Amino acid sequence: MQEESVSLPPKEEFSEWYNDILWRAEVMDVRYPVKGLYVWYPHGFAIRRAVYQILRSLLDRDHQETLFPLLIPATEFMKEAEHIKGFENEVFWVTKGGQNELEVPLALRPTSETAIYPMYALWIRSHADLPIRLYQVVNTFRYETKHTRPLIRLREITSFKEAHTVHRTWEEAEKQVNAAIDLYREFYRKLCVPVIVSKRPEWDKFPGADYTIAIDTVMPDGKTLQIGTVHHLGDHFSMTFGIMFEDEKGEQKYAQQTCYGISERCIAALIAIHGDDRGLVLPHEVAPVQVLIVPVIIGKRREEIMTYANGIRADVEAMGLRVRIDDREIRPGAKYYHWEMRGVPLRLEVGPRDLDGRKVMAVARDGKRSLLNREEIRERVVELLREFNERISESAEGRLRSCIKRISDLGEIGSALEKGVVIVGWCGNYSCAQELEKKTGASVLGSCLDAEMSGEGNCTCIVCGTAGAHALVGRAY
RNA sequence: GGGGUAGUAGGGUAGCCUGGUCCAUCCUAGAGCGUUUGGGACGCUUUGACGGCGGUUCGAAUCCGCCCUACCCCA
């Protein structure tokens, strides 16, 4: 009874678990009085900072960070027909300045193509200006009418990393698309979050794109979460916004573009994929506290133990790790629970026994214990953190694999979808996809791009029986 | 988008139909003091709520309206 009041609901009840862990682990406060807007607690924000630090460092290899305005004039926003159609029902508009009605209403960006591309038209003159690869991390606004959910479906996306690139040729832009996919794969590998890459069907691509590649993961309840998209924009936007350059022969040409984005859904995935009944489980790179030191103080040896613990702290700090001593006047067990909830990957316990034997007890977040010698702390801590990441990575990978089922019989698809996603043969036609979606309540996410998932050779459509390719079907968030 | 159920202190509940009381209650949490400290310590003192806004009324947790939030079901 006592434990019930302080612990999480079991993770099998994912919806409630997810809601609870967000405030118990101090990630988000959902009590802000506007629908779909949530507050980052400092601890959650520290996770966000570490996660986006990884993303930034990957992008900074060949992108530059920038910052465009939040407000987009209606005149620019309304230029690209397909783009408008895709977003017009979810745009927030600023229509007044003080008491006065604005002559041109201003949109709160739902995404920034129409803010950035008019400027690209001014900046780009020659082939020598290309390629351009810029990105920004900004908040965007979407008037969601469906159920909002912290980090997953928001009216203010607080952490939208969007990249916008410009190239000379369609092929060059396609290379960028592939580079972006690789970059996202690398990003999620660092978060130990396994992903599925697929090409979205024609009707589900980004409004105004040639095609869309999506990165999905599977949540513990078997539903898929889209945690990244990469779009080949072709020349749709460059024709609309007049982004032209003079090529080597002196001819004016429309530029080819791509854009790709990741939002704080990556943090939702991080939490959902790794967390357990005791709270957050975080890969060490993104944990706000990477190493926690708990002094176990008994009787009169307080000073001695604190000195020992401080020496260890200094050692770990010198390795560039985020370390913390919990010296509160509470029992050690309470500290363990407190920091396990918040996802500390490695805990070092130091008490009289350790002091006497010049040892330290190291306990990883997944329960693995190792008794270290005081002298080997520097090497061993790094090693333990790395091994911990490998273990959670592997276990997440295993769970993803176990909830992907290959199905060739239409009758089996329903039960398989309760546990995860299915791979079926699909001819590529809208009508068959529609029938499939109607029968199962799930959506056709797209055609598999991972060789190991699509398998060898061709197959036949599960609906109509004609020749097709492997497609991914799942219940999506 | 449509429907259902619910919201009472940090968490869990009673009360609501049939408006009124002096102390709601259990587990915690916060503040204070003391004893403690190798997996959620204990004792004592104390603080704390009726999801929000408006209406009806002498009086609202309770009745009415709108909104917000959560969970479930259907499109």
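A, B, ... follow the sequence lines: proteins, then strands. Residue 1 opens every chain. What you see is a predicted model; the values in this text were computed from it and never measured.
- Rounded to the nearest Å, the gap between the P atom of B:G51 and that of B:A9 is 8 Å.
- Contact between the side-chain N/O atoms of A:Arg328 and the OP1/OP2 oxygens of B:U36 is not found at any separation under 4.0 Å.
- Nucleotides B:G2 and B:U57 have their P atoms positioned 34 Å apart, rounded to a whole Å.
- A:Val27 approaches A:Leu151 most closely through the heavy-atom pair CG1-CD1, 4.5 Å.
- The A:His147 side chain lies nearest to B:A70 when the options are B:G38, B:A70, B:G39.
- For the pair A:Glu437 CD and B:A75 C1', the computed distance is 13 Å after rounding to whole Å.
- Atom C1' of B:U47 sits at a distance of 39 Å from the matching atom of B:G4, rounded to the whole Å.
- In terms of phosphate contacts, A:Arg331 brings a side-chain nitrogen or oxygen within less than 4.0 Å of OP1 or OP2 of B:G38.
- When each of A:Glu144 and A:Arg347 is assigned the nucleotide of RNA chain B bearing its nearest heavy atom, the one mapping closer to the 5' terminus is A:Glu144.
- Both thresholds, 5.5 Å between centres and 30° between ring planes, are not jointly met by A:Tyr336 relative to the base of B:G39, so the two rings are not stacked.
- Between the side chain of A:Arg24 and the base of B:G10, no donor-acceptor pair under 3.5 Å is found.
- With hydrogens and angles ignored, a donor-acceptor pair under 3.5 angstrom links the side chain of A:Glu340 to the base of B:G39.
- Ring pair A:His232/A:Tyr211 is tilted by interplanar angle, where 30° to 60° counts as tilted.
- Just one of A:Arg399, A:Lys11, A:Arg365 meets the salt bridge (charged side-chain N to carboxylate O under 4.0 Å, His left out) condition when paired with A:Asp276; it is A:Arg365.
- Whole-Å rounding puts the A:Lys438 NZ to B:C74 P distance at 16 Å.
- Here A:Glu285 pairs with A:Ile54, A:Pro283, A:Asn389 under the side chain to side chain contact (heavy atoms under 4.5 Å, CB included) rule; sequence neighbours left out.
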